[in-house]
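Data first, discussion second: the structure below is written as structure tokens.
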Amino acid sequence: MPYPHFILQLPDWIDVFLPDPDKVYPTVEDRMRLVIELSRLNFVHGTGGPFGAGIFDLDTHKLIAPGVNLVVCFNCCVLHAEIVALMIAQQVTQCYDLAGEGMPPCEMVVSTEPCAMCLGAIPWSGIRRLVCGARDEDARSIGFDEGEKVPDWIGALAKRNISVERNVCRLEARAVLRQYFETGGIIYNSRQQQILCTP
């Protein structure tokens with residue numbers, strides 16, 4: 001029996017939500033609010049958990065690639081919003097290094113601080129700036145396992161010339177996490193029952 005092919009596809013509602021690829025998001029709050037709304041719509045539409053991400057061109061402030069959490073829909077534990085956004089961005093730009101020659105400086109905006117896995121992917125991605133909404137403890141407070149991160153992860157990224165800004169629209173981002181929890185959203189940590197859905 002041959003192994004299945006894996007094709008990553010964003011949910012259809014994203015194309016409706018983001019109809020204008022040339023739209024500019026001039027402030028960091030604008031970019032964060034877009035990502036928070038992605039996180040909210042993702043669970044409202046039943047396509048994944050309450051996490052959103054976006055890769056932005058820091059020169060033009062345009063969105064290069066959106067990302068939402070697709071873990072449950074694809075039965076794939078690595079499809080966190082950050083990883084999805086990176087995969088899409090690298091396909092859009094046709095470059096595995098977002099800091100490669102001829103590339104604009106790229107910013108990753110995330111509705112919640114990255115877990116241990118996503119944090120590990122950031123240094124290899126080529127992004128130059130990370131902006132976070134909700135905090136690690138906000139995700140943990142509703143039961144998500146964020147993994148073991150180095151205590152000074154911000155300093156570790158800074159050594160690689162990746163700057164970090166935290167707490168951007170934190171209350172709004174945290175509210176989405178609480179809404180997900182209070183409406184019975186699945187906390188899909190390892191070894192917990194998985195629920196299938198259609199992207």
Side-chain angles (χ1 to χ4, degrees), residues 6 8 10 28 31-32 35-36 38-40 42-43 47-56 64-91 96-99 106-170 172-178 180-181 185-195:
F6 183 85
L8 177 63
L10 290 171
V28 69
R31 298 189 291 278
M32 179 59 73
V35 166
I36 292 171
L38 285 171
S39 72
R40 188 187 71 80
N42 197 42
F43 81 80
T47 50
F51 302 100
I55 308 294
F56 293 86
I64 296 172
V68 291
N69 183 288
L70 299 173
V71 168
V72 175
C73 290
F74 280 91
N75 287 312
C76 184
C77 67
V78 300
L79 291 183
H80 289 196
E82 296 94 327
I83 301 298
V84 171
L86 287 173
M87 291 170 73
I88 299 295
Q90 290 167 346
Q91 292 303 300
Y96 61 84
D97 180 3
L98 296 178
C106 291
E107 172 187 68
M108 174 185 279
V109 180
V110 296
S111 63
T112 302
E113 289 177 351
C115 70
M117 175 186 70
C118 296
L119 189 61
I122 287 171
W124 285 274
S125 69
I127 67 161
R128 302 273 41 101
R129 175 172 153 83
L130 172 67
V131 180
C132 308
R135 298 282 288 267
D136 179 282
E137 55 264 36
D138 299 328
R140 291 181 193 273
S141 74
I142 65 168
F144 280 106
D145 180 0
E146 298 297 280
E148 297 299 322
K149 300 194 281 192
V150 296
D152 185 19
W153 59 271
I154 295 173
L157 291 180
K159 288 178 182 176
R160 294 173 175 266
N161 297 314
I162 302 168
S163 64
V164 177
E165 184 174 355
R166 302 167 84 190
N167 302 319
V168 176
C169 306
R170 181 185 179 188
E172 296 169 44
R174 185 168 61 186
V176 171
L177 296 175
R178 296 304 308 176
Y180 179 78
F181 178 74
I186 181 173
I187 306 299
Y188 44 82
N189 296 327
S190 176
R191 294 172 301 282
Q192 290 189 354
Q193 180 180 3
Q194 299 294 302
I195 298 174

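Keep in mind the model is a prediction, meaning the values are calculated, not measured.
A distance of 12.0 Å separates CD1 in Ile142 from CZ in Arg174, rounded to the nearest 0.5 Å.
Between Leu38 and Gly52 the shortest heavy-atom distance is CB-CA, 4.5 Å. Residues Ala85 and Ile55 approach most closely at O-CG1, 3.7 Å, considering heavy atoms. Here the closest non-hydrogen pair linking Leu86 and Ser125 is CD2-CB, 3.4 Å. The nearest pair of heavy atoms linking Leu98 to Cys106 is O-SG, 3.9 Å. Minimum interatomic distance between Leu130 and Ile122 (heavy atoms only, all atoms of both residues): CD2-CD1, 3.9 Å. For Phe56 against Ile64, the heavy-atom pair with the smallest separation is C-CD1, 3.9 Å.
For residues 121-134, every residue pair satisfying the salt bridge (charged side-chain N to carboxylate O under 4.0 Å, His left out) rule, not counting sequence neighbours, is listed here: Glu107-Arg129, Arg129-Glu165. Legend: salt bridge (charged side-chain N to carboxylate O under 4.0 Å, His left out) pairs involving residues 111-120, not counting sequence neighbours, sorted by first then second residue: Glu113-Arg135, Glu113-Arg166. For residues 70-91, the set of pairs meeting the salt bridge (charged side-chain N to carboxylate O under 4.0 Å, His left out) definition, not counting sequence neighbours, is empty. Every pair passing side chain to side chain donor-acceptor pair (under 3.5 Å) that includes a residue from residues 147-159 is listed here, sequence neighbours excluded: Asp136-Lys149. For residues 113-136, there are no ring-ring contact (aromatic ring centres under 6.0 Å, His included) pairs, not counting sequence neighbours.
Residues passing the side chain to side chain contact (heavy atoms under 4.5 Å, CB included) test with Cys76, sequence neighbours excluded: Phe74, Val78, Leu79. Scored by the salt bridge (charged side-chain N to carboxylate O under 4.0 Å, His left out) test, Arg40 finds Glu37 as partners (sequence neighbours excluded). Partners of Thr112 according to the side chain to side chain contact (heavy atoms under 4.5 Å, CB included) rule, which considers only residues two or more places apart in sequence or in another chain, are Phe51, Ala134, Ala139, Leu177. Considering only residues two or more places apart in sequence or on other chains, Phe43 meets the ring-ring contact (aromatic ring centres under 6.0 Å, His included) condition with Tyr180.
Taking the side chain as every heavy atom from C-beta outward, Leu157 and Leu119 approach each other to under 4.5 Å. Counting heavy atoms from C-beta outward, Leu70 and Leu8 have side chains that approach closer than 4.5 Å. Taking 4.5 Å as the limit, every side-chain heavy atom of Val176 sits out of range of all side-chain heavy atoms of Ser111. Looking only at side-chain heavy atoms (C-beta outward), Pro114 and Cys132 come within less than 4.5 Å of each other.
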**OP:** Could you give me the CA-CA distance, side-chain angles and deciding distance for Arg170 and Asp138, then say whether side-chain contact (heavy atoms from CB on, under 4.5 Å) is met?
**Re:** CA-CA 9 Å; Arg170 181 185 179 188; Asp138 299 328; 2.9 Å; yes
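Remark: side-chain polar atoms of Asn42 are not paired, donor with acceptor, to backbone N or O of Pro50 under 3.5 angstrom.
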